[in-house]
Protein chains: 2
Amino acid sequence: MAARPGGTRHATLKDVAERAGVHAGTASRALNPATQGLVSEATVRAVREAAKALDYRPNSMARGLKTNKTFMVGVIVPDLSNPLFPPIVRGAEEVLSRAGYTTIIADTDNDREREGESIAALRARQVDGLLVASASRDDEAVRTAVEQGVPLVLVNRRTESANVPTVTSDDRSGIEKALEHLVRLGHTAIGHLPGPAHLSTGLERARAFRHHMSELGGTLAPELTVECSTYSVDAGAVAARTLLDQAEPTAILAGNDQIAVGVLDVLRERGLRCPEDVSVVGYNDMTFMDKLSPPLTTVRVPHAAMGAEAAQLLLRWLAEGPPAANVLTLPVELVVRGSTARPRAGG
Amino acid sequence: MAARPGGTRHATLKDVAERAGVHAGTASRALNPATQGLVSEATVRAVREAAKALDYRPNSMARGLKTNKTFMVGVIVPDLSNPLFPPIVRGAEEVLSRAGYTTIIADTDNDREREGESIAALRARQVDGLLVASASRDDEAVRTAVEQGVPLVLVNRRTESANVPTVTSDDRSGIEKALEHLVRLGHTAIGHLPGPAHLSTGLERARAFRHHMSELGGTLAPELTVECSTYSVDAGAVAARTLLDQAEPTAILAGNDQIAVGVLDVLRERGLRCPEDVSVVGYNDMTFMDKLSPPLTTVRVPHAAMGAEAAQLLLRWLAEGPPAANVLTLPVELVVRGSTARPRAGG
DNA sequence: ATGAAAGCGCTAACAC
DNA sequence: GTGTTAGCGCTTTCAT
């Protein structure tokens with residue numbers, strides 16, 4: 001006989017009830033901590049014992065069907081292989097699982113359309129709520145879901161398409177700290193390679209760059225900024241070549257660590273040394289960024305904490321309805337390593 | 001009114017049936033491709049139209065309750081933040097989602113006990129099958145699940161506790177290639193820092209090391225091998241210090257890339273240069289291993305393909321019962337980079 | 001070709 | 001304190 005999916009038939013609540021000599025309803029009450037008080041202590045014991053003996057596990061589908069709650073939460077990430085996202089997922093998962101929720105991860109592969117499909121698929125699975133780490137500034141899928149009342153919290157990236165609880169980190173302060181560091185070292189010709197402007201992180205960091213550069217009195221020439229098409233090593237390299245073809249920065253502020261890695265590659269390719277000829281600053285502080293050559297100076301973002309906070313927000317929503325306070329911005333920290341130094345000629 | 005979990009009430013099959021002017025049973029048949037032939041074409045059209053109009057999404061819990069199939073698969077990984085595992089998950093997810101399955105990821109945090117809990121939790125969720133990437137050689141939880149007939153496929157790590165379909169990569173050939181490379185360069189005093197022996201990868205690679213070393217005529221002194229307590233940078237560093245205290249290897253073969261990174265750190269700490277003084281070889285070829293200083297020579301393991309193959313095996317099991325062929329071993333490839341060179345004195 | 005009805009395993013409203 | 005009953009949304013016999 002072929003193994004039935006799920007394996008050996010599981011004991012059902014009725015089995016437990018029969019073995020304990022009570023009715024299924026009573027068994028249900030005995031097993032549920034919330035309703036356990038309505039049942040005699042002796043019965044509780046008997047039922048518990050029977051359940052243990054039969055290795056009873058409540059069927060969450062049946063329960064969900066009845067209670068209209070699945071205790072499942074969907075988490076949508078653009079790319080699980082991007083070291084940025086696993087910590088977010090783990091931070092969220094820890095909080096959620098502690099509250100009895102199971103996490104379903106969907107990977108959109110950085111594809112806008114697949115985000116919509118993922119949301120739809122997860123909703124079809126009757127998840128109780130959604131954590132979205134893949135939002136773009138203009139995000140139809142998120143807007144639709146929010147309009148339809150789906151409990152949904154954004155993490156890492158914001159959107160302008162909907163008023164929805166969001167947990168991000170402080171891009172402005174991150175950029176400010178990075179720039180302050182570079183300016184203090186004596187840099188004035190600072191190149192900027194922001195991420196795509198259709199993502200909130202790309203735009204906000206680019207804005208912050210302009211703002212703080214003019215405040216700090218650095219050069220703000222248009223040819224010192226080249227937008228990257230994606231947050232990737234390759235796109236970073238492409239942008240770095242363009243930048244170095246049209247300007248002579250003594251330092252480059254990269255939109256994120258991947259872009260910074262691309263910059264490092266291009267510098268090597270052109271015979272430029274880092275940090276002697278050009279300083280480089282990344283963003284995020286992914287794993288192993290301290291092992292690069294030179295170790296990357298970068299802005300550390302508390303990804304796990306962001307995931308955890310977003311999960312908390314979602315749990316609160318699930319428990320008490322939509323939260324009022326809508327945006328949580330976590331502080332970041334500049335980690336100075338070997339990729340930044342005083343400029344050659346002293347600026 | 002508080003938003004109901006899951007958002008706006010979803011249209012139900014009955015709603016669709018009513019709108020199409022048919023019975024729910026008929027609507028069900030019309031919507032299911034398999035039973036669609038039993039229904040008049042006109043009805044199919046009407047029902048489909050009604051479904052579209054109401055944005056009908058079948059409730060997978062209700063369906064699952066009836067059919068005893070959830071189209072969910074659990075994937076258990078030891079640590080999602082370890083860059084090794086996301087590719088495995090993605091490879092699996094791609095195959096599974098194409099077949100209509102949803103993936104639930106559980107992270108055991110490298111904790112044996114939590115593996116058992118994860119399996120239990122996933123089974124309580126009535127997943128149709130399990131992909132386990134966290135197995136240890138002696139794995140009670142896996143043994144139990146298999147005995148109970150749970151469709152379960154191992155990936156990346158084997159177990160000796162149960163006869164269960166497994167997809168791994170060719171550890172012996174990987175070690176052989178690495179050793180051949182080192183021996184050809186002229187190394188004879190080759191240190192080995194295997195991963196923990198309670199994991200199949202740790203043991204198999206250690207065995208392969210001994211086997212091929214004696215075949216290739218290298219030194220096989222006990223003080224040249226130090227087992228790492230875990231697959232981590234820290235454990236690698238600890239083991240490397242021990243190794244360098246008790247022997248003078250001209251090359252070190254690390255149990256995996258994290259361990260190799262630890263070795264690189266310790267070499268730097270002791271003023272030894274890589275590869276001039278000591279060559280280092282890693283294992284896995286995780287992201288960014290080509291960006292280390294020096295770029296790491298390592299054995300590339302096809303993680304995504306392993307995940308995909310494991311998923312295939314599981315799907316076949318789900319469709320046709322337990323597969324006969326039980327172990328699939330994928331080929332690996334040595335990637336030579338800058339961390340290996342001829343030894344100082346010529347060996 | 002379609003309607004009727006039973007029931008998956010569970011919970012909750014209602015008896016007693 | 002416990003049994004009874006109904007029903008969550010769906011599939012699937014069984015009639016017709």
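Just so we're on the same page: letters track the sequence lines, and every chain starts at 1.
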side-chain contact (heavy atoms from CB on, under 4.5 Å) between B/His23 and B/Arg29, intermediate numbers included: CA-CA 10 Å; B/His23 188 89; B/Arg29 285 183 282 248; 6.0 Å; no

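- Scanning residues 22-37 of chain B for heavy-atom distances under 4.0 Å to DNA chain D yields B/Gly25, B/Ser28, B/Arg29.
- Defined by atom type and a distance below 3.5 Å, a donor-acceptor pair is missing between the side-chain atoms of A/Ser161 and A/Arg137.
- The residue among B/Ala62 and B/Ser40 whose nearest nucleotide of DNA chain C lies closer to the 5′ end is B/Ser40.
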Derivation of the salt bridge (Lys or Arg N to Asp or Glu O under 4.0 Å) call for B/Arg90 and A/Asp79: CA-CA 9 Å; B/Arg90 292 200 60 180; A/Asp79 178 8; 2.8 Å; yes

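- OP1 or OP2 of D/dC10 has not a single side-chain nitrogen or oxygen of B/Thr67 nearer than 4.0 Å.
- B/Thr166 contributes atom OG1, which lies 4.5 Å from atom CG of B/Leu154 (distance to the nearest 0.5 angstrom).
- To the nearest angstrom, P of D/dT12 lies 13 Å from NZ of B/Lys69.
- Between the CG atom in B/Leu80 and the CD1 atom in A/Ile88 there is a gap of 11.5 Å [rounded to 0.5 Å].
- Between the CG atom in A/Leu131 and the OG1 atom in A/Thr103 there is a gap of 8.5 Å [rounded to 0.5 Å].
- Applying a 4.0 Å cut-off to non-hydrogen atoms, the residues of residues 50-60 of chain B that approach DNA chain D are B/Tyr56, B/Pro58, B/Asn59, listed by residue number.
- Residue pairs meeting the ring-ring contact (aromatic ring centres under 6.0 Å, His included) criterion with at least one partner in residues 38-76 of chain B, sequence neighbours excluded, are B/Phe71-B/Tyr101.
- For B/Ser134 (side chain) and B/Pro78 (main-chain N/O), no donor-acceptor pair under 3.5 Å exists by modelled atom type.
- Here the P atom of nucleotide D/dG7 and the CG atom of B/Leu13 are 18 Å apart, to the nearest Å.
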